[in-house]
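When reading the values below, keep in mind they use all heavy atoms of this one structure, side chains included, and skip hydrogens, waters and symmetry mates.
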Amino acid sequence: TKIIDAENAFIIPGLIESHGHLQEIGEKKEAIKLQGLSKEEIIELIVNRSKVTSKGEWIIASGWDEAIFANDYPNMNLLSKKTQNNPVVLIGLRGFGVMGNKLAFDKAGITKKTKITDGGEIIKDQHGNLKYILINQAKKLLLDKIPEKTLQQQIRTMNYGFEELLKLGFTTTHNLGVDKNHMNVYEYLQKKDSLPMRVHAFIAARMYNINLVNEWLEKGPTSNDDSFLQVRGFKGYYDGSLGSRGAEFLKEYSDKKGHTGVGGKAYGFHRDMITKALDKKFQLAIHAIGDKANRDILDLYENYFKTNPESKKLRHRIEHVQVVHPNDFSRFSKLNIIASMEPAHAVEDMPWAIDRVGEKRAKGAYAWRTLRQNNATVIFNSDFTGSDPSFFYGMYSAITKKKLGEDKTFFPEQAFTKEETLRAYTIWSAYASHQEKLTGTIEVGKWADLTFMNVDILNATPEEILNGEILRTMINGASVFTKE
């Protein structure tokens, strides 16, 4: 038995990041950062970067907020005139939008006549001319044309993401929306016995990813719990984001009359593909934000269970669960559906979310307490890099319902307790993965996946929690991160 001196650290079960996009951490580190910049500052920054960038080299930036700019995007025509030597791609903070210059669109073959085949929108002006902005899955038209990285470059990007998550105390990550490039890296590292943490890969159920989809439909889910790479799930995409008014609602948006969002087939949701994954006994994790989208996915699960009752045991998920109609809260527990949610979104979105849906519907938004009162299992995550993946930030958001730096609370009756929040990042997330007997609590016989920190989170103030630090991350009894 190996004895480690914890040096007065507080030890909790290894944290589980149950919805993220690992590759984005490294990609955004290497990209130019746009978060917090105004329209004018974005253009100025990219123009200045183009002046010191070799002709023909792609300029990639990320972090502009799709919700903030939903009513008034930066002028991409102006940017195009000032950056004629370099293709430019500007990726949105939440992954629901991409902007580019004319040269990038030309190289991608995107014109005003281009048709969308997998959901999304090409933004045009009143004359039908391109504004060089792509929303939702239309973004793939441009993103897929960025020169592909080598395997070694992709490994470097992924490893940076792993390092950052380990520093944040996470021992397991769920990558929602894995494509062939991501899987190549995971499988390469797995063969080399070099995966630094546990990975649950959920295959992106999209037509662009059809080869990987078919490959895993043929293979079926992985079954060895001890393997660091698990492929037991598929990620479905039913509607768009609330910020860009893509989330699908039963009634019109409060700030856009006649508009209810987009969902289902129009958003690129392939019911046949999802059904095949269910038939092969994969766990489903389906993105649904609006109240209609959540209802439709609950209906999908319920109807499938009528003829396939065993599937109910797989603990299928709905991702985000941002706005739920009051009549649908009780259905989550009845159908054994996991509500996978982001504490940070609840406070970051609220200033404009109320504008989108109105005060009445907003009471059914980010409603963790209501879901718990209806006996639903709620798991917490960050959907990184859309939000800061820090556990301390997530817990602060969950227990205060306050946006950083502000005193106003948003529907505090929906807040979680500290213990509930800890469980949502540990044992409840382990339960969602069918691994509650292996991890999620500190017990004899379970994996020695542990997170060491300098704060007693169950007794500390919100501010003390927010300022907490991870001291050590342990997986299978081995220290994989130690703070210097």
**Prompt:** Heavy-atom distance under 4.5 Å between the side chains of V89 and I91, does that happen here?
**Reply:** yes
**Item:** Verdict with supporting geometry, K139 and E66, salt bridge (charged side-chain N to carboxylate O under 4.0 Å, His left out)
**Value:** CA-CA 13 Å; K139 67 184 182 180; E66 298 95 326; over 6 Å; no
**Fill in**
CG (L422) and OG1 (T451) are apart, to the nearest 0.5 Å, by 9.5 Å
**Request:** Would you mind listing every salt bridge (Lys or Arg N to Asp or Glu O under 4.0 Å) that reaches into residues 156-181, with sequence neighbours excluded?
**Result:** E30-R156, E164-K167, K180-E215
**Centroid-centroid under 6.0 Å between F96 and H287 rings** = yes
**Message:** Assess whether a salt bridge exists between E187 and K219, defined as any Lys/Arg side-chain N lying under 4.0 Å from an Asp/Glu carboxylate O.
**Reply:** yes
**Request:** Pick out which of N476, D226, T173 makes a side chain to side chain donor-acceptor pair (under 3.5 Å) with R198.
**Result:** N476
**Message:** Taking the ring centre of each residue, are H21 and H182 less than 6.0 Å apart?
**Reply:** no
**Message:** Using every non-hydrogen atom in the two residues, find where T157 and E27 come nearest and quote the distance to one decimal.
**Reply:** CG2-N, 3.5 Å
**Item:** Test: D328 and K292 ion pair at under 4.0 Å
**Value:** no
**Message:** Determine whether R94 and D349 satisfy the following criterion, salt bridge (charged side-chain N to carboxylate O under 4.0 Å, His left out), listing intermediate values before the conclusion.
**Reply:** CA-CA 11 Å; R94 301 284 174 82; D349 295 359; 3.1 Å; yes
**Whether F416 and F380 hold their rings parallel, tilted or perpendicular, with breakpoints at 30° and 60°** = tilted
**Request:** Compute both the distance and the angle, then confirm whether K401 meets the cation-pi test with W368: under 6.0 Å from the six-membered ring centre, within 45 degrees of the axis.
**Result:** yes
**Asked** Mind checking whether F234 and F282 have parallel, tilted or perpendicular rings, split at 30° and 60°?
**Response** perpendicular
**Request:** Please state whether the rings of Y238 and F269 are parallel, tilted or perpendicular, taking 30° and 60° as the class boundaries.
**Result:** perpendicular
**Item:** Residues R423 and E420 bridged, charged N to O under 4.0 Å
**Value:** no
**Request:** Tell me whether the guanidinium CZ or amine NZ of R295 lies under 6.0 angstrom from the six-membered ring centre of F249 and within 45° of its axis.
**Result:** no
**Request:** Taking all non-hydrogen atoms of both residues into account, name the closest pair between S397 and V347 and its distance.
**Result:** OG-CG2, 3.7 Å
**Request:** Only counting residues at least two apart or in another chain, list the ones meeting ring pair (Phe, Tyr, Trp, His ring centres under 6.0 Å) with H345.
**Result:** none
**Prompt:** Hey, mind stepping through K334 and E302 against salt bridge (charged side-chain N to carboxylate O under 4.0 Å, His left out) and telling me if it holds?
**Reply:** CA-CA 9 Å; K334 290 176 181 176; E302 184 173 35; over 6 Å; no
**Item:** For E24 against T385, the heavy-atom pair lying closest together
**Value:** OE1-OG1, 3.0 Å
**Lys/Arg-Asp/Glu bridge criterion (N-O < 4.0 Å) met for K265, D272** = no
**Request:** Mind checking the OG1-CD1 spacing from T171 to I16? Nearest 0.5 Å is all I need.
**Result:** 6.0 Å
